[in-house]
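Sequence lines set the chain letters: A, B, ... in the order given, protein chains first and strands last, and positions in each chain run from 1.
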Amino acid sequence: MITLDRVRLLVPENKVTEVNEEAFYTVNEKISVKKEILNNVIGVREISYINNSFLLDVSGKITAANGNLGLIHKNNIKEIFEKIDNTGILRFNSSPVEASQVLYLDVTKDVEVENPLETLTAIELLATQRKHKNKILDYKNSGLIIKPHAKSVSDSLAIYLKYKEIIQNKSPKNLIYIEKIGIETIEKIKKTVRLERHLGTFKDIRKAFKTNSKKIRLKEILHSKKNPVKDKFCEITSSNGDDWFTAGTEVF
Amino acid sequence: MKIQKFLKKVGMRAILNRFDDDVKVIRTMLKIECEFSSPSTLNTVIATFKEELKEKISENRNFFRYQKIVQDLIKKIGE
């Protein structure tokens, strides 16, 4: 099942019946919800009004609960829109899942491993063999991110220790998040490695989900049978067997 | 032909996968790839090559273990 850590959506304004105008402010012709309001809403990073649509930047944290880190998937997407509805900033006239268009995605997979640090070392070693295509950088001091050298491509894969990332973040919003999921949950994820494929352009999303759709709908993404995280991981560690150099294919 | 260049061409993983104490496979590879003036030159090259390989294997002593870790991870990501 496709699970997302973060998604940026465009919801057409005809799906919104009420708007709390007092929550919005205008800067440089951009109409957005005030930061001080969003600081109290876990899992909502941005709400803006752009070109007759509402842009929602939502994190899986919106569904976080005791024992649950919170991710977005097909089984909880309606609940997520209900939660946004409950903030009173926007009211939807029906579930906007079908009408929502995807702009940005973090496709995510959490995996339990024996030794998280050794796993990161192993990935780095294998990824290093394709340095001619990708660069390997530190990610939030908790892991690594593998990005293509080409600036036109936004498709990258972050692999990091979720436990370390949570405990290192001292922001007030994160402290509320920790309270929500519970300290015991953090203890349980000490051996969890998180893999996130960041897809920032329509081209990259289409390629990752192997779709030709002109407008990429949230519903299509959430019901996709593809595994973009696995595909990318195999590509960066040369496990696809498509690289004669690292796969060791004889060339003569 | 420089051994490093040769290693790059055939792929380090292929060499490591095939490497064992007798250098039969490497000898075949070298024979195909390089022309040697005499059998003794070939033997010298193979000896050097073997040393280099041993060094590489030593440097990458965790290579296969790491490869297994990554393969196990791929299985889990696919679940």
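- Note that CD1 of B:Ile74 is 11.0 Å distant from CG of A:Asn227, once rounded to the nearest 0.5 Å.
- Heavy atoms closer than 4.5 Å to chain B are found in both the backbone and the side chain of A:Val113.
- More than 12 heavy atoms of other residues, nucleotides or ligands sit less than 6.0 Å from atom NZ of A:Lys232.
- The heavy-atom pair separating B:Lys76 from A:Lys109 by the smallest distance is O-CE, 3.8 Å.
- We find the OH-OG1 distance between B:Tyr66 and A:Thr121 to be 5.0 Å, quoted to the nearest 0.5 Å.
- Heavy-atom neighbours of A:Glu179 CD from other residues, nucleotides or ligands within 6.0 Å: at or below the threshold of 12.
- Residue-environment remark: NZ (A:Lys219) stays at or below the threshold of 12 foreign heavy atoms within 6.0 Å.
- Taking both residues in full, the closest heavy atoms of B:Leu73 and A:Ile123 are given as CD2-CD1, 3.6 Å, listed atom of the first, atom of the second, then distance.
- With values rounded to the nearest 0.5 angstrom, A:Asn115 atom CG is found 7.0 Å from B:Ile69 atom CD1.
- Counting non-hydrogen atoms of other residues, nucleotides and ligands closer than 6.0 Å to NZ of A:Lys164 gives a total above 12.
- Atom CD of A:Glu114 is surrounded by 12 or fewer heavy atoms from other residues, nucleotides or ligands within 6.0 Å.
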